[in-house]
Amino acid sequence: MRIDQKKMRELVARTSPYSPDQLRREANVFYVGGDLPERQTIETLYDSHYQSNAALFHLTFGEEERFPNAENLARLIKKNFNAYLVGRVDFCPSQKMVERAYAAGVDILDIPLHAYDHARSRERGWQMEERLRSLEHARAVFPRWSVVSSLGAGSEPAGSTVAGIDALLEREIVPLVQLCDEGAALPPEQLTRIFNHLQRGWQQKKVLLKPLLPLVFLTSPFAPAASKGVLRGFIDSIEDRRLLAGSDLRRLLRVKEVAESYESSGL
């Protein structure tokens with residue numbers, strides 16, 4: 001991957017694509033709001049997906065009390081579409097909620113930290129320590145490199161974002177960095193430093209990033225290093241299907257194991 005400087009400037013000015021009450025498509029990614037009505041949403045997704053297949057569905061969960069609605073949408077998306085599903089939970093989910101999200105079909109769970117600077121996190125009400133605990137709950141449930149946490153470039157000093165990237169990687173949590181409007185105040189070389197450090201961290205830890213690449217290319221200044229040939233694209237599509245089938249099988253076995261455990265306990 002390479003860093004596209006023009007794209008970096010454009011992303012600083014754009015609004016966040018994550019909303020619990022909007023449905024939109026960008027390139028081959030569907031952004032689905034978890035508060036949307038189920039039937040109309042699935043019908044709209046179906047019509048668009050089968051005109052041109054999406055590679056990734058991104059479901060933004062709403063407020064905690066609306067969790068069951070998004071949970072049902074996740075279940076319907078996995079039932080009707082053969083693609084990865086990312087779930088974004090912008091609060092501190094309990095271990096039970098994490099388990100329910102996984103059982104409903106979420107393949108990759110994002111619990112954003114937004115900032116790694118403790119003072120900035122407290123000031124914004126982002127509850128960093130509580131979110132880190134929720135991320136550890138998720139690590140115990142989801143497969144390796146299937147738990148993500150997003151940081152905002154520009155929401156804190158660049159050095160703090162770099163420290164957050166390293167801390168997340170040490171916990172085997174995939175760091176994603178997205179540009180926010182405050183990033184416009186940072187010098188371009190500092191933003192470039194953050195994204196270069198992020199890419200090196202992914203490579204050094206051998207992060208399984210492939211399922212997330214459609215989202216990475218939309219929300220960060222990374223761009224493919226070179227266009228794929230027909231043969232490379234065909235091989236990649238086969239590998240994508242293999243990885244997705246493996247992910248679905250692991251979920252099936254884990255959910256079955258948990259159900260049997262409850263049954264043997266008389267619950």
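Numbers here are sequence positions counted from 1.
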For residues [X] and [Y], determine if any side-chain heavy atom of one lies less than 4.5 Å from a side-chain heavy atom of the other.
X	Y	value
Asn72	Asn69	no
Val148	Leu109	no
Asp107	Val86	no
Glu136	Arg133	no
Leu176	Leu151	no
Phe195	Leu179	yes
Met1	Leu209	yes
Ser150	Val177	no

Which pair of non-hydrogen atoms, one from [X] and one from [Y], has the smallest distance, and what is that distance?
X	Y	value
Cys92	Gln127	SG-OE1, 3.7 Å
Tyr116	Gly164	CG-CA, 3.4 Å
Arg14	Leu218	NH1-O, 3.3 Å
Ala70	Leu59	O-CD2, 3.4 Å
Leu56	Pro211	CD1-O, 3.7 Å
Val106	Gly87	CG1-N, 3.6 Å

Carboxylate-amine/guanidinium contact [X] [Y], below 4.0 Å:
X	Y	answer
Glu189	Arg193	no
Arg120	Glu156	no
Asp166	Arg171	no
Glu172	Lys205	no
Arg24	Glu26	yes
Lys6	Glu10	yes
Arg39	Glu43	yes

If you measure from [atom1] on [X] to [atom2] on [Y], what distance do you get to the nearest 0.5 Å?
X	Y	atom1	atom2	value
Phe217	Leu213	CZ	CG	4.5 Å
Lys206	Leu169	NZ	CG	13.0 Å
Phe61	Met97	CZ	CE	9.5 Å

Residues Phe57, Phe81; criterion side-chain contact (heavy atoms from CB on, under 4.5 Å); working and verdict: CA-CA 9 Å; Phe57 288 76; Phe81 305 100; 3.6 Å; yes
Residues Ser134 and Gln95: side-chain donor-acceptor under 3.5 angstrom: no
Side-chain donor-acceptor pair present, Asp90, His114, cut-off under 3.5 Å: yes
Cluster check [X], [Y]: I/L/V/M/F/W/Y, side chain < 4.5 angstrom:
X	Y	result
Val174	Val216	yes
Trp126	Leu132	no
Tyr31	Leu11	yes

Sub-3.5 Å donor-acceptor pair from the side chain of [X] to the main-chain atoms of [Y], do we have one?
X	Y	answer
Thr44	Gln40	yes
Asp35	Asp21	no
Lys78	Leu73	no
Ser155	Gly152	yes
Ser146	Ile108	no
Thr219	Gln178	no
Lys7	Ala223	no
Ser149	Leu113	yes
His49	Ala54	yes
Thr60	Tyr18	no

Worked verdict on Arg75 versus Glu71 for salt bridge (Lys or Arg N to Asp or Glu O under 4.0 Å): CA-CA 6 Å; Arg75 195 170 285 112; Glu71 181 183 20; 3.7 Å; yes
Which label fits [X] and [Y]: parallel for a plane angle under 30°, tilted from 30 to 60°, or perpendicular past 60°?
X	Y	answer
Tyr50	Tyr46	tilted
Trp202	Phe222	tilted
Phe91	Phe67	perpendicular

Check against side-chain contact (heavy atoms from CB on, under 4.5 Å), Leu215 and His58: CA-CA 8 Å; Leu215 185 66; His58 185 287; 3.9 Å; yes
Step-by-step side-chain contact (heavy atoms from CB on, under 4.5 Å) determination, Ser52 to Arg25: CA-CA 11 Å; Ser52 175; Arg25 178 171 184 163; 3.7 Å; yes
side-chain contact (heavy atoms from CB on, under 4.5 Å) assessment of Asp110 paired with Val89: CA-CA 6 Å; Asp110 178 13; Val89 181; over 6 Å; no
